[in-house]
Every structure is written in structure tokens, then in C-alpha cells.
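All values below come from the heavy atoms of this structure, side chains included, with hydrogens, waters and symmetry mates left out. In this text the structure is predicted, and so the values were computed from the model without any measurement.
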Amino acid sequence: MDDIAPALLKNIQDTFEDLIKNDEALFRIRKRLESRKATYADAHDYAGRIAKCLQQAYSSHLIGDSLPDGRMYYNIANRVLPHTLTRCGGLVSDYCVQVQESINEAAHIGIKAQTAVINPDRIAGLVDRVSEDDFEKTQWVLKAPVDNFCRSVVDDHVKANADFHYKSGLNPRIIRKTDGHCCKWCSSRAGTYPYKPDMDREVFRRHENCGCTVEYDPGNGSAQRQDVWNKRWKEGKDSRQMMSSSGMKHPLDIQFFAGKERADKFYEGWSEADLDEIIQKFAPNAIVTETEQKINYQNPNSPFIVVVDKSGDYFRIMNTSMPGKKDKSKYVDLNGKNVHNEVVKGKIRGRSREEWKRITHFKIKKKGGN
């Protein structure tokens, strides 16, 4: 049997190089680098176009009838995919490095942009999956997963540079916001996260058609922060203060940061609960609404609202059918019960404000990280 791998690899490589050379969208995205205006949003666009070119090159030359027994055996896949995927990853990586140089320059940070290593395990995973069955059943591996692979290179560069900035003495922050039309998973991860090497990495994750934005604030005191998915730098503010038009400092977003301050002060006494389970219990098929400080989950047919505090990384459960005019007095425990009072030795006594808060505020249980 002839060894078809060398010819397949060459044909795919030639087609891929021709496609990326003549892709108008890639040309426009590259031009943004020249103007020093490229962002991580452009890097994601670039990764998507590179992936599309490779997908097209694969589909042009990898056809079930031309493969031995209609399968892309491991020895073929392992000689074709690593070369082509590494080339793709390298192109995306080069673009990301230049984007990061622009970010550092705009934020007046004299630090060299870091290059993330192309993850060989992701490539090995694609090789294994595409070779495990008839090619008609596994060719999907060379479509959406290729796009995910290329975009993951962008995410890895965001993390690598945030990590390096952190170790260099800066205080980078990752700021994740929803677009107001997102899923429960995304909503539960909206908020501001001081970057730390051991932080929950799910804040960086995105799924297909995700409309979230993740902003990268270098944390050097600059007045700007970089939106790693959106198209622009935004005027940022110190986490506690900003300058008024008169030049005087005044508190910034007091309500937003009140949640974090409350959590910092009382967090240890709060119990932990799975947000997804609570939403399913009290607000299945919820409609999600959002303010600058809160994310609310409510089923119109239920009196309960699950309220997530963005900055504090905790949630509460409100029963709107409880008597009283003040919503803040209508929070309940994990069973949906009113816990303003308790029975002690056969007598009803009112709980103190702090006792009541302790059993109506719940830390969001973290999922498994990377």
C-alpha cells in the first residue's frame, strides 16, 4: 500500500498557504496591526479566519474514498494534523504577540509581550478522535474543533500575559460582562476578578455564539483597560476612586463594590451552594435580567428570584410574595423559608441582622478549573 501521508500533507499545506494569502478578511485584520490598533477581538477574528482556511484545505483533500478503507488511520493523521495545526497556531500566536505589544504600549508598560506555548495535548486529542472510526463519522473533528483550537491560542496568550504582568508586580484584572442575552453559565461568571495564577480559569472560557466580553486591565494605574474580545480600549477607573470634574476624588460605584466589601467582611460565615442547582430549583427556565451590580434569575410563574452579586461572587434567594415593602427583607434560606425568626426552647425569637445575613447569603460553589 502506498504511503499517502506525504502527498496529503503537501497538498493541504499548499492549499492552506494559498487560501490565507488571498483571504481579504485576513488582509484587513492584518492591516490593524500596522496601525497599532489591533485588539484581542481582532486576534479572535484572525484565529477564526485562519481556522476557516485550514478547514477548507482539509475538506479539499481529505475525502473518505481516497483514504485507506475509508479511514484516516492514526499513522496518517499523526503525520498530517500536527504539522498543519502547529502552523495555524503559530500564525495566531504571532498575531497575539503583536496585539499584546500594542496593549503594553498603550498602557505605558515597558514589558515584553509573552508568547504562549502551542498546547500539544489539544493537537494529540484531535489526532486521536479523527482516527478512531470511519472518516465519515469522524470528519466533524476537522471542523468546529479546529476553530476552537485556533481560538484557544488567543485565550492562552491572554492568560500568559496576565500571569507575567502579575509576577512583574502589576495588579491585572479580568473583567467579564454579559451582553444581556446570555446563558446561565455565562451569567454566573460575570464580574471583576483580580488576576492570580491560581484563579478560577473558567472566567476565560467561552462557548459557541457567546456574547460575553472579557476586558483585560493591566493594573498599572493606567486610565485605560483592554477589552480582549471587543473592538476598543475603554476608559477605566481605579477600583475605589475616580476624579470628579473639579479634580476631587470621590467614591466610585459604591453600590457595585458594596457586595465585594460585604463578602470580604462576612464571607467565612456563609455556606456554599451550587448556583446552577439553586436556579433549577427556584427559577427553572428563568428569564435573566441584569444591572451593573446584580444578575437576576426569575421564572414569571414563580415568586422567587435568584439574585447574584457580581463583585461579591455570592447569591441570595428572594421570595417576592413575602409581606413587606422592602425587597431586602425578603431573602430566604436554601429551602425558600423565611428565617427572620427562630424557635429556641419552645419560644420564638427574632434573629439579629447578622445572624439573618449569615443564612441568606451563599458563596457560589466553584466548578472544576482547568
- Salt bridge flag under 4.0 Å for residues R129 and E132: no
Does atom OH of Y73 have more than 12 heavy-atom neighbours from other groups under 6.0 Å away?
yes
Name the orientation class of the two ring planes belonging to Y166 and Y195 (parallel below 30°, tilted from 30 to 60°, perpendicular beyond 60°).
-> perpendicular
Query raised in the report: Should F304 and V332 count as side-chain neighbours, where that means a heavy-atom distance under 4.5 Å?
Result: yes
Donor-acceptor pair between H157 and S93 side chains, under 3.5 angstrom: yes
*Consider only side-chain heavy atoms of I, L, V, M, F, W and Y, link residues closer than 4.5 Å, and tell whether I305 and I278 are in one cluster.*
no
Across all chains, not counting sequence neighbours, the side-chain contact (heavy atoms from CB on, under 4.5 Å) partners of V344 are E342, R349
**Message:** Between R49 and D23 (salt bridge meaning N to carboxylate O under 4.0 Å), is one present in this structure?
**Reply:** yes
**Check: N78 main-chain N/O paired with H83 side-chain donor or acceptor under 3.5 Å** = no
Regarding K159 and D163, does a basic nitrogen lie under 4.0 Å from an acidic carboxylate oxygen? no
Distance-only polar pair, side chains of R71 and S131, donor-acceptor under 3.5 Å:
no
To the nearest 0.5 Å, atom CD1 of I12 lies from atom CG of L81 at 7.5 Å
Is it true that R79 and D3 have a side-chain N and a carboxylate O under 4.0 angstrom from each other? yes
Pair E17, R87 - check salt bridge (Lys or Arg N to Asp or Glu O under 4.0 Å), show working.
CA-CA 10 Å; E17 297 296 335; R87 169 63 174 158; 2.8 Å; yes
N104 and Q100: side chain donor to acceptor below 3.5 Å | yes
Under 4.0 Å between a Lys/Arg side-chain N and an Asp/Glu carboxylate O for D274 and K365? no
_salt bridge (Lys or Arg N to Asp or Glu O under 4.0 Å) evaluation trace for D147 with K143_ = CA-CA 7 Å; D147 182 84; K143 297 178 181 178; over 6 Å; no
_Is it the case that atom CG in N285 sees more than 12 heavy atoms from other parts of the structure closer than 6.0 Å?_
no
Any ion pair linking D156 and R122 (charged N to carboxylate O, less than 4.0 Å)? yes
Main-chain N/O of K137 paired with D133 side-chain donor or acceptor, under 3.5 Å:
no
When rounded to the nearest 0.5 Å, the distance separating CZ of R358 from OG of S271 is 10.5 Å
ask   = Taking C-beta and beyond as the side chain, do I118 and F149 meet within less than 4.5 Å on heavy atoms?
value = yes
State whether the number of non-hydrogen atoms from other residues, nucleotides or ligands found under 6.0 Å of E24 atom CD is greater than 12. no
- Query: Between Y46 (side chain) and C96 (backbone), is there a donor-acceptor pair under 3.5 Å?
  - Reply: no
Just by modelled atom types, is the E136 backbone N or O under 3.5 Å from a matching donor or acceptor in the D134 side chain?
-> no
key: Heavy-atom donor-acceptor pair, N161 side chain to Q114 backbone, under 3.5 Å   = yes
(Q) Just by distance, no angles: are the side chains of T15 and Y58 close enough, under 3.5 Å, to form a donor-acceptor pair? (A) no
Between H361 and Y314 the two heavy atoms that sit nearest each other are CD2-CE1, 3.6 Å
Quiz item: Can R316 be said to sit on top of Y331's aromatic six-ring, NZ or CZ under 6.0 Å from centre and within 45° of the ring axis?
Solution: yes
May I ask you to check whether over 12 heavy atoms, not counting those of K52, lie within 6.0 Å of atom NZ? no
- Query: Can the ring centroids of F362 and W270 be said to lie less than 6.0 angstrom from one another?
  - Reply: no
message: Check whether E355 reaches the backbone of S352 with its side chain - one donor and one acceptor, N or O, closer than 3.5 Å.
response: yes
